[in-house]
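In this text, all values refer to a predicted model and were calculated from it rather than measured experimentally. All ligand and atom numbering here is 1-based and tracks the order in the structure. One-based numbering along the sequence shown. For the numbers below, each heavy atom of this structure counts, side chains included, while hydrogens, waters and symmetry mates do not.
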Amino acid sequence: MKLLFIADIVGQPGRRAVKGLVPRLRQRHGVDVVIANGENSAGGSGITPKTAEEIFSAGVDVITSGDHLWDQKEVTELLEKEPRFVRPLNYPSGVPGQGSVVFRAPGVPPVGIINLQGRTFMASLENPFRCALSEVERLRASAKVLFIDFHAEATSEKVALTRMLDGKVSAVIGTHTHIQTADEQIFPGGTAFLCDAGFTGPHESVIGREIEPVIRRFLTNMPQKFEVARGRILLQGALLEIDEGNGRALKIERISEPLAEEA
Ligand SMILES: [Fe+2]
Ligand SMILES: [Fe+2]
């Protein structure tokens, strides 16, 4: 089976890339399931039911999130009601929403999807390693194909978590840094890995935002308004081929697809 993962969708340009490219990518590669990180889909910060709906209607099956989860207050509606929306699993118990889901569609094997957040240079949630072990164990009862979006800053944390789960899940793809890494590989146990999938949105930018205010902030330490940039829109992510019989990854390919728009 084939699974397409789309890295952090940033603002309106990111949503435009999803609308313009996902149907084409689905068709070109015969994709069975599409998962996208939507944490920056609303004006670059957070997600709302409206931006989620735009992403779903472009052909995305499940949306994951990350540290920008709470930036839009309407997210509570998604957390409480949307079965296709997943937030980091390692929030303390009692927090609304779900940290994993088993996606089911006709003609496609069930796919377990887990979202986790790292703790190195990030907020101290519950231990993602411990949470991952028990959740993987639990989901294996209902799905052979398991996918993890590990939203984390540190490369070592992402590699270590994937090494720990090698052979237990089909793929771990990193998100959050918005910079696509070139280390796509399949570990010996059959788990595909990419340290960071990049981001979907305007790449003539500093990780999706207008360049000048970010430089000014670094130069002066004064607060700046970071608008979402506009130029050179790319859809980034990874395309996975998975043996649905045993859940092992067969192939991983980085995606960085330009959006060609009519003027
Ligand atoms: Fe993030
Ligand atoms: Fe992000």
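Side-chain atoms of Gln236 and Ser256 include a donor-acceptor pair closer than 3.5 Å. When only modelled atom types and interatomic distance are considered, His178 and Asn40 share a side-chain donor-acceptor pair under 3.5 Å.
For the Fe ion (ligand 1), the nearest N, O or S atom contributed by Asp67 is named OD1. Nearest N/O/S atom of Asp8 relative to the Fe ion (ligand 2): this is OD2. Of all the N, O or S atoms in His176, the one closest to the Fe ion (ligand 1) is ND1.
Inclusion of Asn37 in the first shell of the Fe ion (ligand 2) is not supported: no N, O or S atom falls under 2.8 Å. Using a cut-off of 2.8 Å, one finds that His178 contributes an N/O/S atom close to the Fe ion (ligand 2).
The side-chain tip of Arg84 points at the ring of Phe56 from less than 6.0 angstrom away and within 45° of straight on.
A tilted orientation is assigned to the rings of Phe5 and Phe147, their planes being inclined by 30° to 60°.
Centred on the Fe ion (ligand 1), the angle running from Glu39 (OE2) to His151 (NE2) is recorded as 90°, rounding to 10°.
Ionic pairing of Glu53 and Lys50 is not present here: no N-O contact between side-chain nitrogen and carboxylate oxygen is shorter than 4.0 angstrom.
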